[in-house]
Amino acid sequence: MDIARHINRLNPRQREAVLHTDGPLLVLAGAGSGKTRVITTRVAYLLSQGIPSEAVLAVTFTNKAAKEMRQRVMGMLKANGTKPPLISTFHSLCMNILRREIDKLGFRRDFTIYDTSDQHSLIRNLLSEIRYEDKSFKPESILERISMAKNDMPLPRSAKKDEPDDIEVISDAVYPKYREAMKTLNAVDFDDLLLHTVKLFNEHPAVLQRYQDKFRYILVDEYQDTNRVQYRLVSLLAGKHRNLCVVGDDDQSIYGWRGADLGNILDFERDFPGTVVVRLEQNYRSFGNILQAANGVIRNNRQRMEKTLRTEQGSGPKVSVFRADETDDEAKWVADRIELLKFEQQIAYDDVAILYRANLFSRPFEEALRRKRIPYTVVGGTSYFEQREIKDIASYLKICANKRDDLSLLRVANIPKRGLGPGALGKLFAFAKEHSLPLLDACRRADEVLDLGKRLRNSAQGLAELIERYSARFAQSKDMSNALRDLIDEIHYREHLHDLYKNQQSVIKRIEGYENFISSLAVYEKEEKLPDLHGFLEALALTDMLEQKDETKTFGVTLISFHSSKGLEFPIVFIVGVEEGILPHKKSIHDVEEERRLFYVGITRAMKKLFITHTRHRVKYGKAVPSSPSRFLEELPAEVTQNVSRFADDSPDTPEKAAEDFFKNIQRMMQK
DNA sequence: GTTAGTTCTGTTTTT
DNA sequence: CAGAACTAAC
């Protein structure tokens with residue numbers, strides 16, 4: 001059979017991971033050890049053993065990973081026409097469970113998903129409700145604390161335990177109100193998707209059992225990134241049949257700050273007795289010197305499972321370390337080097353990546369590359385969904401889909417201007433509260449709202465009528481994209497944009513934005529078997545369906561953060577800004593080990609040649625300040641690195657030295 | 001109800 | 001320095 005061929009090509013460890021189908025299995029997959037291949041082959045193998053597709057579940061974090069896995073599994077299965085199993089992100093898995101079962105928790109099945117900015121505005125509303133006027137609190141820090149609480153993270157109580165600081169007090173006050181509000185709004189946030197599912201399983205054992213018996217074989221990718229709630233979810237689901245395979249690399253755990261709990265992977269053996277551990281340490285990606293650099297660095301972490309990456313490739317060139325005088329020199333040097341590589345070694349620009357700690361460091365490199373006419377793409381940045389016109393239109397759809405979603409109604413109530421400003425809405429809102437009605441109903445019954453002018457009553461009723469009418473039209477699920485277009489026309493949204501922005505260019509951009517949105521609705525309708533508005537809004541919240549157009553092909557040199565680079569590989573890698581305060585970032589200094597892992601992730605992206613750069617002076621907010629080399633540089637084994645700085649010494653940064661270096665530098669330039 | 005001036009802040013990111 | 005968010009004056 002076909003599958004045997006795939007299995008034969010694996011190394012012994014990999015094969016072990018594939019063939020161990022029953023009972024708990026922990027696969028510690030080092031960087032570049034062929035992890036995806038193992039996972040895919042394992043899934044295909046399970047199916048070839050006669051296990052029905054429906055009994056297999058693979059969970060990932062991102063849609064991208066899910067998609068990739070799906071494609072590769074399908075590629076292996078295509079010959080024998082087996083149905084692919086469910087490969088899903090944590091969130092869409094929970095979404096699908098809740099869509100069926102959430103009424104058991106007192107929500108309606110037409111619930112809405114709130115994204116971060118929805119949460120943001122809810123918090124703001126709640127704060128003003130408590131009449132908390134102090135503006136020094138950012139809603140996002142409250143949100144952060146709420147999210148931490150939900151994910152059961154030990155909250156960093158103020159170091160001294162005498163009295164909780166203000167942000168704690170206010171968060172503790174807001175949290176219960178937040179939960180309450182979410183329930184009346186019939187909305188759940190991203191954390192809730194997971195949390196409610198766990199709650200559902202805990203409170204309804206029969207439901208849990210149904211899913212346990214359905215998914216008899218479970219696989220979790222990137223297990224080192226799971227948080228406590230995800231851990232609980234997985235334990236519950238796999239609790240009965242215990243055929244749980246988790247794959248991950250504790251050394252690549254770089255999401256502690258958003259709740260990932262390294263303990264999940266470190267304690268897996270303890271939590272699941274009888275676990276078989278497979279270590280994949282054979283690396284197929286990088287030359288030996290790069291691996292030695294990586295091993296040398298990660299060795300310094302205490303909290304980890306011992307592993308050492310090996311390769312059968314040669315050692316390759318040494319890791320070059322360059323020290324620039326300041327930010328622009330660093331960028332210029334990198335650009336020069338890339339150009340040189342291109343000419344001397346016929347390297348394609350696509351093979352090169354520049355990695356940094358924070359996105360804002362991309363600027364000088366963009367500039368330097370542009371000056372040299374070197375093509376590049378910056379990965380990361382603001383997402384499409386943040387755009388105003390998208391939010392506006394999406395809010396209209398949300399209120400049509402879930403008539404209790406006051407927040408979305410609030411957002412669109414005065415877009416375009418209907419005279420429903422804060423004053424009028426406040427009165428409507430008070431009325432709604434008084435009669436415990438959704439805001440939409442309050443608008444419909446605006447006649448009964450005292451001290452509201454006639455015009456405003458008409459406005460509110462008109463709005464309610466509009467929403468009801470389109471809601472009914474969308475509910476028919478026929479030709480939703482045309483309905484949306486009519487809605488946009490009817491509210492004169494285009495004209496609204498013209499009023500809002502005097503710059504023609506940006507108006508055109510935004511019109512393109514919503515046109516794009518409409519066509520993605522059209523695409524959704526065409527591709528989905530049973531399209532409905534909820535399905536579309538889910539896809540919108542849970543997938544990257546809108547920004548997938550240019551994902552696969554990056555052009556030229558790739559500029560990317562360490563975090564986003566995880567999982568990728570490049571023949572040539574530049575790691576830049578490796579300085580104290582940046583690579584162990586000053587705000588993350590409490591978890592130096594995670595910062596070290598970040599560096600490790602960066603190093604292990606490189607296949608053939610790695611450059612590491614740092615500067616003596618960094619331009620920060622317009623001013624140059626002295627900057628010292630990262631402590632991690634000392635951890636690079638000397639035998640695999642070479643210093644390629646103009647000044648070979650590692651002298652401290654005294655004025656005398658600086659002058660001397662300057663002089664040497666001049667001399668060098670004269671010799672050229 | 002807007003628009004221009006002002007203050008403030010400044011990691012990492014996915015769902 | 002630069003972008004966001006907020007305030008004060010039209």
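Quick note: numbers below take in every heavy atom, side chains included, and nothing from hydrogens, waters or symmetry partners. Reminder, nothing fancy here: chain letters follow the sequence lines and each chain counts from 1.
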For each nucleotide in nucleotides 9-15 of chain B, reading 5' to 3', give B when a protein heavy atom comes within less than 4.0 Å of its base, S when such contact involves only the sugar-phosphate, and - otherwise.
-> -BBBBSB
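Geometric assessment of A:Arg179 against the ring of A:Tyr175 yields a positive cation-pi assignment under the 6.0 Å and 45° thresholds.
Residue A:Arg124 is classed as a sugar-phosphate contact, given heavy-atom separations below 4.0 Å to backbone atoms only.
Listed for the A:Ser117 side chain is no donor-acceptor partner under 3.5 Å among the backbone atoms of A:His120. In this structure a side-chain-to-backbone donor-acceptor pair under 3.5 Å is present from A:Thr62 to A:Ala65. Between the A:Ser147 side chain and the A:Glu144 main chain, no donor and acceptor come within less than 3.5 Å of each other.
With rounding to whole Å, A:Lys623 atom NZ is found 14 Å from C:dA2 atom C1'.
With both ends at atom C1', the span from B:dT11 to C:dC6 equals 24 Å, rounded to whole Å. Comparing C:dA5 with B:dT12, their P atoms are spaced 15 Å from each other, to the whole Å.
For the side-chain contact (heavy atoms from CB on, under 4.5 Å) test, residues two or more places apart in sequence or in another chain that qualify with A:Glu367 are A:Arg370, A:Arg371. The salt bridge (charged side-chain N to carboxylate O under 4.0 Å, His left out) test applied to A:Glu593 returns no partner, not counting sequence neighbours.
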